[in-house]
Structure formats: structure tokens, C-alpha cells
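What you see below is based on every heavy atom in this structure, not just the backbone, and it leaves out hydrogens, waters and symmetry mates.
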Amino acid sequence: MIEYIKGELTDITPTTAVIEARGVGYLLNISLNTYTAIQGSKEVKLYVHEAIMTGGRDDSYTLYGFYNKQERDLYRMLITVSGVGSNTARMILSATSPAELVNIIASGNEKALKGVKGIGLKTAQRIIVDLRDKMAASGIIADITSAEGGNNAGIALTPESSQTHDEAVGALTMLGFAPAASSKVVTDILRGTPAMPVEQVIKQALKMIK
């Protein structure tokens with residue numbers, strides 16, 4: 001079981017990070033929250049969730065990386081909910097910060113969860129019902145409130161809009177959206193706000209894309 005990987009950040013996109021540790025490069029799937037927290041860093045430490053799929057046509061072994069334990073705990077809670085898979089859980093954590101998600105679930109805000117692409121009313125209700133008491137009992141609400149205090153600084157300004165467009169569309173495509181639809185939405189967003197950071201572009205696109 002891998003608890004965390006610590007090493008040099010050799011490559012990063014809004015959905016993936018490559019960390020080299022002792023000569024081995026590890027590809028980890030990440031959320032936009034983790035991307036925001038580690039972009040621009042040389043040395044990073046990501047907490048790991050290992051997803052092993054067996055019994056199908058092709059076995060797979062996928063690593064997910066999180067900038068702190070609280071985000072990983074939320075991810076692991078989300079994937080216990082029926083109908084919420086790995087990609088959906090990552091999308092939820094890309095559309096909201098951990099603190100926002102905790103507040104959404106604790107307050108029973110179905111509308112906010114439905115704002116995440118791919119989350120319908122029944123799934124939103126199931127997430128709230130399954131996780132509200134579990135979160136309160138685990139102490140994660142207090143942990144995240146404390147941890148979020150220092151995570152808003154250091155968000156880098158975006159490069160030129162064209163590069164932001166390409167990165168955002170690439171991230172949305174990896175999340176399962178059609179490239180053409182993704183490109184249209186991202187273009188509309190950047191036309192109004194050319195300097196918007198790529199992670200914010202993706203968050204907004206997740207609420208708009210059809």
C-alpha cells in the first residue's frame with residue numbers, strides 16, 4: 001500500500017502530475033484543487049489512493065494523488081457512494097474545494113451538487129444522505145476547515161489565453177467530455193475573461209458544458 005509519494009514534480013497538467021522519486025516517475029491523476037496547490041513547485045508530496053481493477057478484459061492499476069489527507073479522505077468517502085466512480089469523485093473535487101464540498105453536504109445543498117456535470121438529483125441526494133453523518137463522525141469537517149486556511153495563496157497567473165484554452169480543453173477531454181463541446185465552452189469563457197487561471201476556467205466549464 002502506497003501512503004504518499006514525495007519527489008520532484010517533473011510534469012503537471014490540470015488532471016495529472018508526474019513525480020520522480022528515486023529514479024522512478026509516477027503518474028498520478030489529480031483534482032484541480034491539487035493542481036492549484038502544487039503548480040509551480042519543484043518538490044512535492046502527494047497522498048495516494050490506489051485503484052486496482054481486475055477481472056475485466058484488461059486489468060488496470062491507477063494512482064490518484066492529493067495535496068493533503070483531508071482531500072484524499074473526501075475522495076474515498078465519495079467513491080463509497082453508489083453511482084459515484086473514480087472519475088466522478090475527481091470531477092466533484094475539481095468543481096468544488098474540499099471546504100465547499102463539506103459545506104454543501106453538511107447543509108444538504110442538492111442544487112449545488114447537481115451543478116457538477118454528471119450528477120443528477122438522485123445521486124446528489126444519495127451523496128448527502130450517505131456522507132453527512134459519516135463526515136460529522138469522522139472529524140473531517142474540522143480538519144478541512146483548519147487545513148483550508150493556508151491553501152488559497154500562490155495561485156499563479158495564467159499564460160496566454162491560447163495555452164490556457166489548450167490545457168483546459170485537454171483536461172476536460174480527459175474527464176470524458178467531447179473535445180468540440182469543451183473547446184466551445186472554454187473559448188466563450190476566455191473571450192469574457194482572457195486572464196482567468198486555467199483551473200478556474202475548468203471549474204466554470206464543468207458547470208456550463210452540455
Side-chain angles (χ1 to χ4, degrees), residues 1-2 13-16 27-36 46-141 143-144 148 168-179 181-182 185 199 202-210:
M1 177 72 73
I2 299 175
T13 74
T15 56
T16 61
L27 174 67
L28 299 102
N29 291 279
I30 60 174
S31 71
L32 282 178
N33 292 303
T34 292
Y35 171 79
T36 300
L46 292 185
Y47 292 90
V48 174
H49 174 79
E50 301 172 80
I52 303 172
M53 300 293 292
T54 60
R57 180 173 299 178
D58 296 304
D59 294 345
S60 66
Y61 177 62
T62 305
L63 299 179
Y64 292 85
F66 305 91
Y67 70 96
N68 62 23
K69 289 184 178 180
Q70 289 77 28
E71 190 189 24
R72 184 179 65 178
D73 288 346
L74 269 181
Y75 175 86
R76 287 175 168 172
M77 287 184 181
L78 284 168
I79 61 175
T80 65
V81 179
S82 177
V84 179
S86 298
N87 202 46
T88 301
R90 180 169 61 153
M91 192 175 299
I92 293 171
L93 288 170
S94 292
T96 65
S97 72
E100 288 170 340
L101 180 59
V102 163
N103 288 333
I104 287 169
I105 294 174
S107 64
N109 191 343
E110 299 170 357
K111 184 177 180 180
L113 275 178
K114 283 179 61 183
V116 179
K117 184 65 178 179
I119 301 295
L121 176 60
K122 289 185 178 180
T123 302
Q125 292 172 336
R126 195 178 299 121
I127 290 171
I128 291 169
V129 170
D130 287 3
L131 299 187
R132 183 156 48 187
D133 292 341
K134 185 182 295 186
M135 286 193 320
S138 70
I140 194 172
I141 296 176
D143 289 344
I144 286 178
E148 285 284 304
V169 172
L172 291 165
T173 301
M174 290 186 67
L175 288 171
F177 297 103
S182 300
V185 170
E199 63 271 19
I202 298 168
K203 284 188 176 184
Q204 188 167 331
L206 287 172
K207 300 175 181 179
M208 298 170 58
I209 196 167
K210 301 298 183 182

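- Considering every non-hydrogen atom in both G65 and T34, the closest pair reads O-OG1, 3.8 Å.
- Of all the heavy atoms in L27 and L63, the pair that sits closest is O-CB, 3.8 Å.
- The environment of K134 atom NZ is dense: over 12 non-hydrogen atoms of other residues, nucleotides or ligands sit within 6.0 angstrom.
- I79 contributes atom CD1, which lies 11.5 Å from atom CD1 of I92 (distance to the nearest 0.5 angstrom).
- Put simply, the side chain of L206 reaches to within 4.5 Å of the side chain of F177, judged on heavy atoms.
- Between the side chain of T123 and the backbone N or O of I119 there is no donor-acceptor pair closer than 3.5 Å.
- For the pair N87/R90, a side-chain contact is recorded, criterion being any heavy-atom separation below 4.5 Å from C-beta on.
- A donor-acceptor contact shorter than 3.5 Å links the side chain of S94 to the backbone of L32.
- Considering every non-hydrogen atom in both L172 and A205, the closest pair reads CD1-CB, 3.8 Å.
- To the nearest 0.5 angstrom, K207 atom NZ is 8.0 Å from K203 atom NZ.
- The line from CD of Q70 to CG of L74 is 8.5 Å long, rounded to the nearest 0.5 Å.
- For the pairing with I105, the side chain to side chain contact (heavy atoms under 4.5 Å, CB included) check across L131, D130, T96, V129 returns one residue only, L131.
- Remark: L93 CG to Y64 OH distance equals 12.0 Å, nearest 0.5 Å.
- Considering only residues two or more places apart in sequence or on other chains, S31 meets the side-chain hydrogen bond (donor to acceptor under 3.5 Å, both in side chains) condition with E71.
- The only option from T88, D73, L101 that meets the side chain to side chain contact (heavy atoms under 4.5 Å, CB included) definition with L78 turns out to be L101.
- A124 and K114 make their closest contact through CB-CG, 4.1 Å (heavy atoms, listed as atom of the first residue, atom of the second, distance).
- Residues L175 and M91 share a closest heavy-atom pair of O-CE, 3.6 Å.
- The shortest distance between side-chain heavy atoms of V84 and R126 does not fall below 4.5 Å.
- Rounded to the nearest 0.5 Å, atoms CG (L46) and CG (N29) are 11.5 Å apart.
- When side chains are defined from C-beta on, P98 counts as touching N33, because their heavy atoms get closer than 4.5 Å.
- At a threshold of 4.5 Å between non-hydrogen side-chain atoms, the residues V48 and M1 do not count as touching.
- In terms of heavy-atom proximity, M208 sits nearest to V185 at CB-CG1, 3.9 Å.
- Atom-to-atom distance recorded for I128:CD1 and Q125:CD is 7.5 Å, nearest 0.5 angstrom.
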